[in-house]
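Written out below as structure tokens is the structure these notes cover.
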Amino acid sequence: MRRSHHCNELSIADEGAEVVLMGWAQRRRDHGGVIFIDLRDRQGITQVVFNPERDARVHEKAHAIRNEYVLAVRGVVEKRPGGMENPALVTGAIEVMVSELKILNRAETPPFMIEDDIEVNENTRLQHRHIDLRRSSLQRNIMMRSRAAAAARRYLDEQGFLDIETPCLTRSTPEGARDFLVPSRLAPGSFYALPQSPQLFKQLLMISGFEKYYQIVRCFRDEDLRADRQPEFTQIDMEMSFVGEQDVMAVSEGLIVEIFKAVLDLEVKAPFDRMTYQEAMDRYGLDRPDTRFGLELCDISDIVADSGFKVFSDAVGKGGIVKALNAKGCAERFTRKEIDDFTDFVAVYRAKGLAWIRVKEDEWQSPITKFFSEEEKKKMAERLDMQPGDLVFFGADKSSIVNEALGHLRIELAKKLGLIDDSIYRFVWITDFPMLEYDETEKRYQALHHPFTSPAEEDMDKLEKDPLSVRSRAYDLVLNGIEIGGGSIRIHQKELQIKVLEALGMSREEYEEKFGFLISALESGAPPHGGIAFGFDRLMAILCGSSSIREVIAFPKTQKGACLMTAAPGPAYRAQLEELGLKAGPVK
RNA sequence: GGGGGCGUAGCUCAGUUUGGUUAGAGCGCCGGCCUGUCACGCCGGAGGUCGCGAGUUCGAGUCUCGUCGCUCCCGCCA
């Protein structure tokens, strides 16, 4: 038998045709006489019928069918009897009256039902991922991912980008994330590293003159996992020569538009909004603002700098800030207990407390009101637009803590208040990032993006005197509060690259050893260049409406980095270790 | 490294607060009946290392300690 149709294709127009379908037995309904099987393939479901009056032998054979048996059936498409149509099924108007059945394979009863609405522990699902992947929501996600990748390749190819592969076995660059190491057999005691991204290779390709590069590429980072972080993940990686920020952003917008069209049949409007890092931090507290709703933060440091409320005045005195968040009309929306819960919520971000004021008709109900002068109250009320019925939260601390705590509180409040419309996609470019940040534990400057990002032209002279004020030519693309991509215009001149590496506290020996090959490449005629990389898994999670990227990855790892199907990672054989010159336990 | 949640039948969960007879339910599975179902229906049945280990106790699914796994978050990570 040879398959003639998929299980979503047949309709009333095919009535009378003899067809062959192949797929899995989704469900069996045996009425003693007639037997119905919902036959499932990757496209859909068709009801096939075994009727003893039509064919006693094939009906008898159908008794053996159980869930997930693999079947081939030949039969005639028939219009279902009046009133028996199933409108929930695309093929619900017809059924296939089977004349020939071949059981291609039997199957053990699956550990869980192949249905979407059933809730199964994730570890059971991951142990039997091949079965889990049969569920239609995962089939849909994986198919959408394939369509997105195809759209990206088509678009980038049309734009003149070359798909060039870069090595997976490469050199460790102990900057940024922890590397996965791969021991070398031919050079015992030496190690390759798996790439955290093809960053340096794509820059080298620009220096080689390829001008436009892209790759849908696996990247590896040996850090702790999250719902949106796996140890291996996929980027849509791009790099272009002779471009500035605007060029990279424009190509990126075109790419995103194409992907949304291909996957969701949705017209996304470009160009996207732009916002500086500073504005994002001021208004939203985070460098990846969710701009689908308001509830913005407001700085009141100047008003309370000399306040009688020590928590506020001390914070400002020590160089910190005081910011507020006005939850309009929420004075009665939350109980005292719930407000206390918000204090616990922000404590996670190291906020020591969360002050609040309920604005009543004639007074402010709050433990802190009594500390403020009339003047301070008046200014606060004005700046925060405090109206009766409002509930205002305050954070006071170092700016990083206040912003992070209130930034997350803002999102939490929006969720609780139903302010988020998850049918819309709000994109925003974040620009003008600071070039460096100070690492308290290591007592040195670190690149916020990476050390190959170019400083902004006009800040160049501040690199030595006031490094923290230098802005970079980096840009992130944020969608609904999630960072989906980031990139920069790179440094293409040796002198500047060295200056930046030195600003990061590297000695000449150190940068020569780690990045000597890049520096010498920059001397060989490097064109100005820049690029971007999109987190493909995160993008797909948003497109699929999933809260975890594990739902858009065929074979994801658990939070401990294990693959429950293959039991990776596992011990090595002693002989393998010996060949590699390694001593490590446990061994087999 | 730290904090929270979960772990009882193949799956989802109740039972744990207050220790006490033979650990229950729904779905699934197996058998029987049933010719128009689509979550088919009816009858019957099988199925348990209560994650694992120690402790307290006359007695532990239940209390204590340890440990393992899954998950969310902080740190870490761009």
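In this text the structure is predicted, and so the values were computed from the model without any measurement. Hydrogens, waters and symmetry mates play no part in the numbers below; they use all other heavy atoms, side chains included. Chain identifiers are assigned alphabetically (A, B, ...) following the order of the sequence lines, protein sequences preceding nucleic acid strands; residue numbering begins at 1 within each chain.
Distance CD (A:Q26) to C1' (B:G28): 13 Å, rounded to an integer number of Å. Residue A:N123 contributes atom CG, which lies 16 Å from atom P of B:C68 at whole-angstrom precision. Protein atom CD of A:E68 is 16 Å distant from nucleotide atom P of B:C11, rounded to whole Å. Following rounding to the nearest Å, A:R288 (CZ) and B:C77 (C1') show an atom-to-atom distance of 12 Å. The nearest whole Å value for the distance from the CD1 atom in A:I236 to the P atom in B:A78 is 20 Å. Counting to the nearest Å, the P atom of B:C74 and the NE2 atom of A:H408 are 6 Å from each other. The nearest whole Å value for the distance from the OH atom in A:Y349 to the C1' atom in B:C73 is 7 Å. For the pair A:E404 CD and B:C73 P, the computed distance is 13 Å after rounding to whole Å.
In this structure, of B:A78, B:C76, B:C73, it is B:C76 that holds the atom nearest to the side chain of A:R229. In the set B:C73, B:G1, B:U35, the nucleotide with an atom closest to the side chain of A:V34 is B:U35. With B:C11, B:G69, B:C38 as the candidates, the nucleotide lying closest to the side chain of A:T124 is B:C11. Nearest nucleotide to the A:T109 side chain, out of B:C29, B:A78, B:C73: B:C29. Distances from the side chain of A:H31 to the nucleotides B:C73, B:G36, B:C30 place B:G36 closest. Comparing B:U35, B:C70, B:U37 by their nearest atom to the side chain of A:Q47 picks out B:U37. Of the candidate nucleotides B:A78, B:C70, B:A39, B:C70 has the atom lying nearest to any side-chain atom of A:T558. The listed nucleotides are B:U12, B:C73, B:U37; the one nearest the side chain of A:M84 is B:U37. Nearest to the side chain of A:E223, among B:C76, B:G69, B:G36, sits B:C76.
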Q) Does the pair A:T431 and A:E245 meet the rule for a side-chain hydrogen bond (donor to acceptor under 3.5 Å, both in side chains), with working shown? A) CA-CA 9 Å; A:T431 63; A:E245 290 91 329; over 6 Å; no

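Using a 4.0 Å heavy-atom distance criterion, A:E122 is classed as a sugar-phosphate-only contact. Among the atoms of the strands shown, base atoms are found under 4.0 Å from some heavy atom of A:D30. Using a 4.0 Å heavy-atom distance criterion, A:P111 is classed as a sugar-phosphate-only contact. Residue A:N121 is in sugar-phosphate contact alone, with no base atom involved, counting any heavy-atom pair closer than 4.0 Å across all strands shown. Base contact: A:E95 has a heavy atom under 4.0 Å from a base atom. A:R350 comes within 4.0 angstrom of the backbone, heavy atoms only, and of no base. Across all strands shown, A:R221 has heavy atoms under 4.0 Å from sugar-phosphate atoms exclusively, and none from any base. Residue contacts for A:R226: at a heavy-atom cut-off of 4.0 Å it reaches a base atom on one of the strands shown. No engagement by A:I35 is indicated, since no non-hydrogen atom pair under 4.0 Å with the nucleic acid exists. Across all strands shown, A:R550 has heavy atoms under 4.0 Å from sugar-phosphate atoms exclusively, and none from any base. No contact: A:Q127 has no heavy atom under 4.0 Å from any strand. Looking at heavy-atom distances under 4.0 Å, A:E53 makes contact with a base. Within the 4.0 angstrom heavy-atom criterion, only backbone atoms of the sugar-phosphate kind lie near A:N67; the bases stay farther away. Within 4.0 Å (heavy atoms only), A:E119 reaches sugar-phosphate atoms of the nucleic acid but no base atom.
For A:F515 and A:F452, the ring centers are positioned less than 6.0 Å apart.
Between A:F112 and B:C11, no base-stacking contact is recorded for ring centres under 5.5 Å apart and planes less than 30° from parallel.
Note: A:F180 and A:F220 have perpendicular aromatic rings, judged against thresholds of 30 and 60 degrees for the angle between ring planes. Between A:H63 and A:H59, the ring planes are perpendicular. Angles over 60° get that label, and only those under 30° would be called parallel. The aromatic rings of A:F427 and A:F272 sit parallel, their planes meeting at an angle under 30°, below the 60° perpendicular limit.
Contact annotation: A:R29 side-chain N/O to B:C40 OP1/OP2 distance is under 4.0 Å. At B:C30, one or more side-chain N or O atoms of A:R66 fall inside 4.0 Å of OP1 or OP2 (strictly under the cut-off). The side chain of A:Q196 places no N or O atom within less than 4.0 Å of a non-bridging phosphate oxygen (OP1 or OP2) of B:C77. Checking the phosphate oxygens (OP1, OP2) of B:C40, no side-chain nitrogen or oxygen of A:R28 falls inside 4.0 Å.
Expressed to the nearest 0.5 Å, how far CG of A:D459 lies from CZ of A:R471 amounts to 4.5 Å.
Pairing for B:U64 is with B:A54, a Watson-Crick or G-U wobble pair whose two hydrogen-bonding atom distances lie under 3.5 Å. Nucleotide B:C6 forms a pair with B:G69, judged by Watson-Crick or G-U wobble geometry with both contacts under 3.5 Å. When both pairing distances are held under 3.5 Å, B:U12 makes a Watson-Crick or G-U pair with B:A25. With a cut-off of 3.5 Å on both Watson-Crick or G-U wobble distances, the partner of B:U37 is given as none.
Side chain of A:Q199 to main chain of A:S197: no donor-acceptor pair is present (N/O by atom type, distance under 3.5 Å, no hydrogens or angles).
Among A:K323, A:R350, A:R288, the one residue that satisfies the salt bridge (charged side-chain N to carboxylate O under 4.0 Å, His left out) test with A:E404 is A:R350.
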